[in-house]
Student: 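Handing you a structure now.
By convention in this document, chain letters (A, B, ...) are assigned in the order of the sequence lines, proteins followed by strands, and residues within each chain are numbered from 1.
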2 protein chains.
Amino acid sequence: MARSDTRFREAYNRILDYCGALPPGSVMPSETGLAEIAGVSRTIIRRCLGRMEETGLLAWSGREKLLLRAPLAEDRIDLLRPEGGAEDLEQRFLDWVLRFDVPAGTALSVAELSRHFDVPQHELKEFLAGLSRFGLVSRRPQGGWMLLGFTRDFAIELSDFRSVLELDAVARLAEAPVDHPVWAELAELRAAHLRLRAAIETDFHAFSKLDERFHQALNSVVTNRFTAEFQKVISLIFHYHFMWDKTEEKTRNAAAIEEHLEIIDALEARDAPAAQAAAGRHLRTSKTTLLSSLRHHELA
Amino acid sequence: MARSDTRFREAYNRILDYCGALPPGSVMPSETGLAEIAGVSRTIIRRCLGRMEETGLLAWSGREKLLLRAPLAEDRIDLLRPEGGAEDLEQRFLDWVLRFDVPAGTALSVAELSRHFDVPQHELKEFLAGLSRFGLVSRRPQGGWMLLGFTRDFAIELSDFRSVLELDAVARLAEAPVDHPVWAELAELRAAHLRLRAAIETDFHAFSKLDERFHQALNSVVTNRFTAEFQKVISLIFHYHFMWDKTEEKTRNAAAIEEHLEIIDALEARDAPAAQAAAGRHLRTSKTTLLSSLRHHELA
DNA sequence: TTTATGTATCAAATAATAAAAAACATCGTG
DNA sequence: CACGATGTTTTTTATTATTTGATACATAAA
């Protein structure tokens, strides 16, 4: 009927672990000290000590805290929820949207999503509030939320925004110092691209992963929290769409490999204008591909 | 003990308004029709009709709905909360952070903020969740939230991000069609800058508003939801800092006017490279100013 | 057969509440 | 008597429960 005591349970086990490393009969640290060890407040520590006393693990009176015996496995409390996958909610949500092609304008029910993703409602609300900053969802006048993307406009704006960010990344990369780890990664990427080009007839499916790695490498020179936040969303959306769009996949991937190689060539030659031009061409191709994959979806 | 019935109250008054325009004795539209008129669900409409019947405004039985008399001012229900200013929470929150120079790492208490801004707690939680996407706040391990910005790193990254966006805007502007409204706005802005330059000795305070207008004009050619979302935050932060940093204000503003004029000159000449260069210079100045204003704050 | 109303179900907003954190007061000991 | 520890109280947070509102379904009138 109120908040869960997960925090207490976890702390209790952590304190038991700590006691396990202590010889029986030793005096325990102060409440404040234990609080620091377990990373929780004194309130929780006192509850832990209380329970340890009940269990006969501890003789406790005032500031006399004597550990009576080493804690056993049975002494631990088990955590109710086996660590809900509330972590990668973003990944799972976008996956759901793209995989099932949830149309723009769909009403999103927090209750339903909460059940589907096995995440408490209030966490979902916070998550949606965050997404609304990216223009992916918005509040409905009659309450609740609705999905805004994935319209054609959204795809265009996303592509444009991506271009802006990535062209900047390329510009910076061209001026990165020689000892920057990105150069080693680029060399490896070149080799990987050449290998895939040779085996394109059979392995063209492998390109998607390579593409993601390539773009991640380009952006690795930009250490900017705003850019980073967007890249997560951008890369997810682009890659899911490319994965699902099977039209001309082999030709498309072969062409993209050439474009990537052109970018790598220009970068390694430290020819910034050429790199910009090559990256611009590649980003325009990507945009076209994204838009056409949307069109196919709409027709289906 | 649960959600408020504000929605009902507002709808009831709206329905009364609608009835006021109707001659007494007339039959009222269907429930669904009324629902559409009031922008609300049938559930609420039925509650409204029920109340109107009790008040003697309406004879209601099945689908016979006869308006008995014209509604009076006394018939209206008054809304409890006199329209809380929950709208521009973003503005007010950033204002508070910058005005009181809330240091990075400060714990933000939802309860306290809720009282201070007179906004329900859950709205604040959603708001903070949104801000966390911008890296301005984050969750604390022991629960609750903390303010991350305004560190030096944050300022640098924000400035860089702003530069990327705005240089792109300038590039697009240089290629905007002649009939785009931005050209008229730029002409006006040039005149305003010249006027202010002539009166700089006395009116230098007026620059802040002009600066905001200028940057808004530049970005007006980019219609992109992602850019737009950021511009709100960016412009707020920059302008508050400039407003509070009084060191060398006159000299600073005079220099900025020249930089603005250079940009306008290049744009009107459709000289894209020159515009880029001028904008780059100006953005670098802005960044320096922002950073030095932080330093002054830190010393104080 | 269509359109309106009656009814039931489900979701959203928000107050209420247990758990946890933080603040405060008091005590014990070197 | 000062410092650090514990005892106690106050606040705050996470989470549930409850009421209002939205929506889907069933039924009846035109």
Student: Taking atom types as they are modelled, would you say the side chain of B:Thr32 forms a donor-acceptor pair with the base of C:dA4 within the 3.5 Å cutoff?
Tutor: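 Donor-acceptor pair under 3.5 Å: no.
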
Student: Taking atom C1' of C:dA21 as reference, at what distance in whole Å does atom CD of A:Glu31 sit?
Tutor: 14 Å

Student: Would you say a side-chain N or O of A:Arg7 is under 4.0 Å from OP1 or OP2 of C:dA18?
Tutor: no

Student: With nearest nucleotide decided by heavy atoms, which residue, A:Gln121 or B:Pro141, maps closer to the 5′ end of DNA chain C?
Tutor: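 That would be A:Gln121.
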
Student: With respect to the phosphate group of C:dA21, does any side-chain polar atom (N or O) of A:Thr43 fall under 4.0 Å of OP1 or OP2?
Tutor: no

Student: If you find the nucleotide of DNA chain C closest to A:Gly39 and the one closest to A:Gly144, which residue's nucleotide is nearer the 5' end?
Tutor: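 Its nearest nucleotide being more 5', the pick is A:Gly144.
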
Student: Looking at every heavy atom in both A:Thr151 and A:Ala104, which two are closest together, and how far apart are they?
Tutor: CG2-CB, 3.5 Å

Student: Which nucleotide wins on minimum distance to the side chain of B:Asp5, given the candidates D:dG21, D:dA22, C:dA11?
Tutor: D:dG21

Student: May I ask you to evaluate whether B:Ser109 reaches the phosphate of D:dT13, defined as a side-chain N or O under 4.0 Å from OP1 or OP2?
Tutor: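 So the side chain of B:Ser109 is within the cut-off, an N or O lying under 4.0 Å from OP1 or OP2 of D:dT13.
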
Student: Assign the ring pair A:Phe230 / A:Phe161 to parallel, tilted or perpendicular, where the plane angle (0 to 90°) is split at 30° and 60°.
Tutor: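 Rings of A:Phe230 and A:Phe161: tilted, 30 to 60°.
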
Student: Nearest whole angstrom, please: distance from the C1' of C:dT5 to the CD of B:Glu53.
Tutor: 14 Å

Student: Are more than 12 heavy atoms, taken from residues, nucleotides or ligands other than B:Gln142, located less than 6.0 Å from that residue's CD atom?
Tutor: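 Yes, enclosed.
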
Student: Look at all strands and tell whether A:Arg47 reaches a base, only sugar-phosphate, or nothing, counting heavy atoms closer than 4.0 Å.
Tutor: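 Sugar-phosphate only.
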
Student: So B:Leu108, base contact, sugar-phosphate only, or nothing? Heavy-atom distance under 4.0 Å.
Tutor: sugar-phosphate

Student: Between D:dT6, C:dA21, C:dA11, which nucleotide gets closest to the side-chain atoms of A:Arg63?
Tutor: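 The nucleotide sitting nearest to the side chain is D:dT6.
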
Student: Between A:Glu90 and B:Arg133, is there a salt bridge with N-O shorter than 4.0 Å?
Tutor: yes

Student: In whole angstrom, give the distance that lies between atom CZ of B:Arg46 and atom P of C:dA4.
Tutor: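 After rounding, the reported distance stands at 14 Å.
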
Student: Find the distance A:Glu64:CD to C:dT29:P and express it as a whole number of Å.
Tutor: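 The distance from CD of A:Glu64 to P of C:dT29 comes to 8 Å, rounded to the nearest Å.
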
Student: Rounded to whole Å, please give me the gap between NZ in B:Lys125 and P in D:dT16.
Tutor: 11 Å

Student: Could you give the CD-to-C1' distance, from A:Glu126 to C:dA12, as a whole number of Å?
Tutor: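 Whole-Å distance recorded here is 16 Å.
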
Student: Between A:His122 and D:dA14, is there a contact of a side-chain N or O with OP1 or OP2 at under 4.0 Å?
Tutor: no

Student: On DNA chain D, check which nucleotide each of A:Ser61 and B:Ala111 is closest to and give me the residue with the more 5' one.
Tutor: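 Of the two residues, A:Ser61 wins.
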
Student: Would a line drawn from the ring center of A:Phe127 to the ring center of A:Phe117 be shorter than 6.0 Å?
Tutor: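 No, they do not, as the ring centres are separated by 6.0 Å or more.
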
Student: Determine whether any donor atom in the side chain of B:Arg3 lies under 3.5 Å from an acceptor atom in the base of D:dT20, or the reverse, and answer yes or no.
Tutor: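 Checked by distance alone, the answer is yes.
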
Student: Could you give the CZ-to-P distance, from B:Arg42 to C:dA11, as a whole number of Å?
Tutor: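 Atom-to-atom, B:Arg42 to C:dA11, this comes out as 19 Å.
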
Student: Is any side-chain N or O of A:Lys65 closer than 4.0 Å to OP1 or OP2 of D:dA5?
Tutor: no

Student: With heavy atoms under 4.0 Å as the rule, sort B:Leu34 into base, sugar-phosphate or nothing.
Tutor: nothing

Student: Within the 4.5 Å heavy-atom criterion, are B:Arg139 and B:Ser132 side-chain neighbours or not?
Tutor: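 A side-chain contact is absent here, since even the closest heavy-atom pair is not under 4.5 Å.
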
Student: On a heavy-atom basis, which atom in B:Asp75 and which in B:Thr55 lie closest, and how many Å separate them?
Tutor: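 Heavy-atom minimum between the residues: OD1-CG2, 3.8 Å.
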
Student: Taking only N and O in the side chain of A:Ser30, is any of them less than 4.0 Å away from OP1 or OP2 of D:dG4?
Tutor: no

Student: Is B:Arg140 close enough to D:dA14 that one of its side-chain N or O atoms is under 4.0 Å from OP1 or OP2 there?
Tutor: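 No, no such contact exists.
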
Student: OP1 or OP2 of C:dA20 less than 4.0 angstrom from a side-chain nitrogen or oxygen of A:Ser41, does that happen here?
Tutor: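 No, A:Ser41 has no side-chain N/O under 4.0 Å of OP1/OP2 on C:dA20.
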
Student: Please pick, from D:dA29, C:dG6, C:dA20, the nucleotide with the shortest atom-to-atom distance to any side-chain atom of B:Trp60.
Tutor: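 It is C:dG6.
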
Student: Round to a whole Å and report the spacing from CG of A:Leu128 to P of C:dA13.
Tutor: 11 Å

Student: Output yes when at least one side-chain N/O atom of B:Arg115 is less than 4.0 Å from OP1 or OP2 of D:dT11, else no.
Tutor: no

